[in-house]
Amino acid sequence: MDQNSAEWLDEQKRVNKVITVINNKLAAFKGSTSSLKEDIIGLRKNFWEDVTVNIDEPDDVIETYASIKQQAELLSERERSHGQFYKTSKLLQRLKSSPYFGRFDFSEEEGPEESFYIGIGSLMDENDEDFLIYDWRAPVASLYYDYSPGHVSYRTPEEEISGEMTLKRQYVIREGNMEGMFNTGITIGDSLLQKILGSQATTYMKSIVATIQREQNSIIRFEKGSMLIVQGVAGSGKTSVAMQRIAYLLYRHRNQINADQILLFSPNQMFSTYVSSVLPELGEENMQQSTFHEYVKKRLDHEFTVETPFEQLEDKLVSRKKEGVSTEEMMIQFKSGREFKRLIDDYLSALSHTGMLFRNIKFRGQTLITSKEITTYFYQLDSSLALPNRVELVKEWLLHHLQKVEKEEVEKDWAEEEAALLRREDYMEAYESIQKKQFHGEETFDDTVQEERFLRALVVERKLAPLRRQIKRLRFVHLRKIYRQLFDESIKNYEVPTEWEAIRQSSKENLNQKYLPVEDQTPYLYLQDRIEGRKVNASIKYVFMDEAQDYTWFQFHYIQSMFPYAQFTLLGDYHQSIFAHNYGEDTILSPELHEEPPELFELMRSYRSTKQIVEFAKEMVDDGDKIEAFNRQGHLPEVHYTHTEKEHMQALRICAKRRLNEGYQTVAILCKTIEECRQVYNDIGRELQASLIYKETQPFQEGLVILPIYLAKGIEFESVLVFDASDNNFNRKEDRFLLYTACTRAMHVLDIFCKGRMSPFLRTISEDLYIKKTAVQL
């Protein structure tokens with residue numbers, strides 16, 4: 001549209017008017033927040049001066065409490081108001097640069113036509129009467145994402161409203177200036193989307209609410225069921241949709257939930273950092289984030305060396321040489337599925353009658369209660385009681401026994417000897433405690449004998465405190481041995497792997513060494529919770545699981561039990577199933593694996609990569625013909641052939657330098673294993689000032705990075721160099737998805753290097769879809 005047209009000038013005038021309103025509101029907020037801040041400082045400074053404190057009589061105590069409560073509530077109200085003012089000011093600052101990105105003209109049935117301007121937040125006029133901008137999450141804003149001009153409808157919480165849309169327009173506004181304006185149809189601005197997708201990548205995910213597509217909008221606003229599955233191909237915007245869905249839920253249910261009641265399970269900590277800026281950009285606080293491994297480590301780290309999922313994958317990639325499933329892979333698949341859970345459930349039923357194992361209760365080197373005595377007491381309890389209830393009764397019995405022990409130990413010589421060695425601080429604590437008892441009329445001390453007895457009791461109480469804590473934490477249950485006992489005998493009537501005997505021995509050996517592989521962690525926690533009582537979180541209302549195909553069936557079942565009142569959104573891509581438990585198996589993205597039918601959405605259009613990269617990569621997967629490439633043009637991928645190790649590294653060095661010189665800010669050399677990453681870093685990485693990323697806790701960085709493919713999942717790079725996609729390195733059927741994942745990390749440029757013959761998964765790709773290069777052509 002012509003920038004000198006009357007329509008363009010009118011739109012710029014409106015932008016100027018809106019910015020004036022924003023500036024006026026910011027000035028008003030500045031004055032309000034300043035006075036509020038002074039009030040808060042004053043209240044904090046004079047808190048106790050403004051409170052009447054008198055504890056002489058019971059009525060005075062009640063009056064004092066009421067006075068303190070009133071003052072605290074006043075301070076809390078002022079702090080809440082200041083926080084809300086600050087949040088609104090931040091939104092106004094963001095709107096000031098780019099107030100809105102879209103507009104549509106709409107009239108209800110037989111009603112007047114209105115213009116609706118859509119932005120990242122709402123804005124009313126200076127009289128707070130009319131909306132100048134509607135929040136993109138408002139019900140009416142769905143018209144912008146779902147329809148082209150014509151007959152349209154949208155749903156409010158109360159009803160469905162129909163009408164006619166006569167205009168749909170998109171804007172590009174920067175620093176208050178109109179840079180682009182065009183009318184559009186149902187597809188939200190291919191021109192704008194191409195501009196955004198063609199820009200440079202950053203170390204943080206960008207919010208792109210201006211370009212939400214219709215199918216993505218349906219996912220964002222979905223609220224019909226308790227389970228939503230999003231199967232999206234690489235680059236289809238799954239993670240963006242997840243973050244925007246969270247922002248929508250916080251807006252839609254702002255009076256019922258807050259950010260702390262939403263939990264996102266991320267694939268790794270680097271990914272968590274990558275998405276951390278999206279919600280704040282949209283004016284919302286970040287939800288809780290965790291990896292499943294972080295939860296496992298917190299529960300088990302005190303007792304075991306806990307393997308990480310990436311250590312497990314790295315081990316399998318390094319040892320994977322031949323076709324066929326190894327014993328370790330059989331073990332992983334079996335322990336990840338339903339049959340192993342059924343086996344554990346039957347084992348738990350048997351434990352109701354026999355087989356429970358306990359630890360001896362020891363104090364100062366002496367056994368107070370033997371494991372056999374605890375077992376006898378446990379099985380004397382009513383067998384109809386659930387295991388956790390019986391364990392709880394055992395705990396109370398042990399604590400009661402400890403009280404008797406405490407009285408006996410006070411009379412022993414060691415207590416007297418240690419009481420004589422107490423520090424001055426301990427004496428002062430004892431004295432204060434005595435004074436309190438005297439004040440409350442509980443006990444009087446009028447000679448040194450009684451004071452000495454009190455000190456001995458203090459010593460014994462402190463010595464017994466760790467043991468008492470251990471009993472309260474149910475550490476007397478010998479869970480490691482109970483789990484190990486599961487592998488003591490051959491199993492009948494179960495579909496166990498053919499190499500079950502080897503699996504049994506491997507499992508027992510790991511447990512003896514206090515090492516817990518990934519495949520044992522969830523079953524172990526499940527067994528623990530069924531014996532000790534479930535660890536549930538009732539406060540979480542929504543759980544999001546990104547890269548959901550990486551979770552085992554057992555893990556997902558367990559996570560569901562942890563959050564029994566939550567609605568679940570699972571997002572992933574079965575084409576990127578690279579973990580051993582998924583080899584040839586369905587993932588939790590498969591609706592048939594769920595007891596209740598979930599709602600399934602499929603996102604088959606890839607936006608991240610250029611059309612040339614998508615057309616190349618989709619040839620690697622069986623149903624790649626279903627993947628649709630967004631029409632953003634770029635260069636054909638380049639496949640570089642080398643013959644010697646020296647030639648290979650030289651080719652990689654030259655290409656990496658070239659991509660950096662071309663101005664790409666994020667360039668990644670992706671390797672199959674950490675061993676390969678270290679080799680590349682030592683040979684060329686230091687010279688090119690690259691960053692070596694070899695563990696999930698490292699942050700995502702700009703510039704040249706070297707990392708294994710599995711740590712790059714969910715992240716995008718402007719330029720990707722695949723280190724060695726030769727037949728020798730990617731030849732098993734399980735390697736197909738790993739190579740596909742590597743290639744689909746690239747936004748603009750993809751370079752693939754092969755030492756000798758290329759991988760069979762590349763040989764099936766039409767030669768029209770890439771450029772062949774030899775080392776001398778570099």
Side-chain angles (χ1 to χ4, degrees), residues 101-102 136 144-148 168 170-172 180 182-202 205-220 230-245 275 278 546 571-576 601-621 623-638 664 666 668 712-720 740-750 765-766 768-770:
F101 51 78
W136 65 277
Y144 177 74
Y145 296 112
D146 289 347
Y147 292 100
S148 56
K168 184 174 178 180
Q170 202 153 18
Y171 306 97
V172 180
F182 41 89
N183 296 341
T184 184
I186 190 168
T187 301
I188 298 295
D190 278 2
S191 300
L192 178 60
L193 189 52
Q194 285 185 8
K195 190 171 185 178
I196 290 173
L197 295 173
S199 63
Q200 291 181 331
T202 67
M205 175 177 281
K206 294 175 286 190
S207 166
I208 51 172
V209 294
T211 55
I212 292 170
Q213 305 297 294
R214 184 177 189 176
E215 68 274 17
Q216 295 171 336
N217 190 48
S218 299
I219 296 167
I220 291 167
V230 180
Q231 159 56 41
V233 298
S236 58
K238 299 182 293 293
T239 303
S240 293
V241 166
M243 303 307 291
Q244 289 153 355
R245 175 164 166 74
V275 301
V278 177
D546 208 347
L571 308 103
D573 178 14
Y574 56 79
H575 291 132
Q576 298 179 60
F601 285 86
E602 291 187 312
L603 299 175
M604 302 307 293
R605 198 179 196 199
S606 181
Y607 298 96
R608 172 189 297 134
S609 307
T610 62
K611 183 179 177 67
Q612 286 75 11
I613 293 173
V614 174
E615 294 294 342
F616 174 86
K618 75 180 192 179
E619 292 289 307
M620 278 186 257
V621 291
D623 55 352
D625 58 312
K626 297 178 183 178
I627 300 173
E628 179 187 353
F630 179 70
N631 190 26
R632 179 168 68 86
Q633 297 297 319
H635 304 290
L636 287 172
E638 296 183 5
Y664 294 115
T666 55
K713 289 185 68 174
I715 299 175
E716 58 191 27
F717 306 89
E718 293 174 83
S719 168
V720 165
Y740 172 79
T741 300
C743 293
T744 54
R745 299 310 93 200
M747 294 173 63
H748 310 317
V749 182
L750 174 63
I765 299 175
S766 170
D768 296 335
L769 296 177
Y770 62 94

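We're numbering straight along the sequence, starting at 1.
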Which heavy-atom pair separates [X] from [Y] by the least distance, and what is that distance?
X	Y	value
Tyr147	Lys168	O-NZ, 2.6 Å
Val209	Tyr145	O-OH, 2.8 Å
Ala629	Glu615	CB-OE2, 3.8 Å
Val230	Ile219	CG2-CG2, 3.8 Å
Ile613	Pro637	CA-CG, 4.2 Å
Ser609	Arg632	C-NH2, 3.5 Å

Requested in this report: May I have the step-by-step check of side-chain contact (heavy atoms from CB on, under 4.5 Å) for Leu769 and Gln612, ending in yes or no?
Outcome: CA-CA 7 Å; Leu769 296 177; Gln612 286 75 11; over 6 Å; no

How about [X] and [Y]: do any of their side-chain heavy atoms sit closer than 4.5 Å?
X	Y	value
Tyr144	Trp136	no
Glu638	Leu750	no
Glu628	Ser606	no
Ile715	Arg745	no
Lys618	Asp625	no
His575	Asp623	yes
Ile627	Val614	yes
Thr610	His635	no

Query raised in the report: Going through the distances and angles, do Thr239 and Leu571 end up as a side-chain contact (heavy atoms from CB on, under 4.5 Å)?
Result: CA-CA 8 Å; Thr239 303; Leu571 308 103; over 6 Å; no

Query raised in the report: Hey, is the main chain of Thr666 close enough, under 3.5 Å, to the side chain of Glu718 for a donor-acceptor pair?
Result: yes

Report task. Verify, without hydrogens or angle tests, whether Gln216 (side chain) and Gln213 (backbone) share a donor-acceptor contact under 3.5 angstrom. Result -> yes

Query raised in the report: Can a donor-acceptor pair be found between the side chains of Gln633 and Asn631 at a distance below 3.5 Å?
Result: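 Distance-only check passes for Gln633 and Asn631.
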
Query raised in the report: Given Gln576 and Asp573, is the side-chain contact (heavy atoms from CB on, under 4.5 Å) satisfied, shown in steps?
Result: CA-CA 6 Å; Gln576 298 179 60; Asp573 178 14; 3.0 Å; yes

Measuring from [X]:[atom1] to [Y]:[atom2], what's the distance to the nearest 0.5 Å?
X	Y	atom1	atom2	answer
Ser236	Arg605	OG	CZ	11.5 Å
Asp546	Lys713	CG	NZ	9.5 Å
Glu602	Lys626	CD	NZ	7.0 Å
Cys743	Met620	SG	CE	3.5 Å
Asp146	Ser218	CG	OG	5.5 Å
Thr744	Met747	OG1	CE	13.0 Å

Query - Pairing residues for Tyr574 by the ring pair (Phe, Tyr, Trp, His ring centres under 6.0 Å) criterion, not counting sequence neighbours - result: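 Per chain and number, Tyr574 pairs via ring pair (Phe, Tyr, Trp, His ring centres under 6.0 Å) with no residue.
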
Requested in this report: Please confirm whether Arg608 makes a cation-pi placement over Phe717, using NZ or CZ under 6.0 Å from the six-membered ring centre and within 45° of the ring normal.
Outcome: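 Here Arg608 fails the 6.0 Å and 45° test against Phe717.
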
Query raised in the report: Looking at Phe630, is Lys611 sitting on its ring face, NZ or CZ under 6.0 Å from the six-membered ring centre and within 45 degrees of the normal?
Result: no

Report task. Take Val241 and Ile220 through the test side-chain contact (heavy atoms from CB on, under 4.5 Å) and record every step on the way to the result. Result -> CA-CA 6 Å; Val241 166; Ile220 291 167; 4.0 Å; yes

Requested in this report: Anything under 30° is parallel, anything over 60° is perpendicular, the rest tilted; go ahead and classify Tyr770 against Phe616.
Outcome: perpendicular

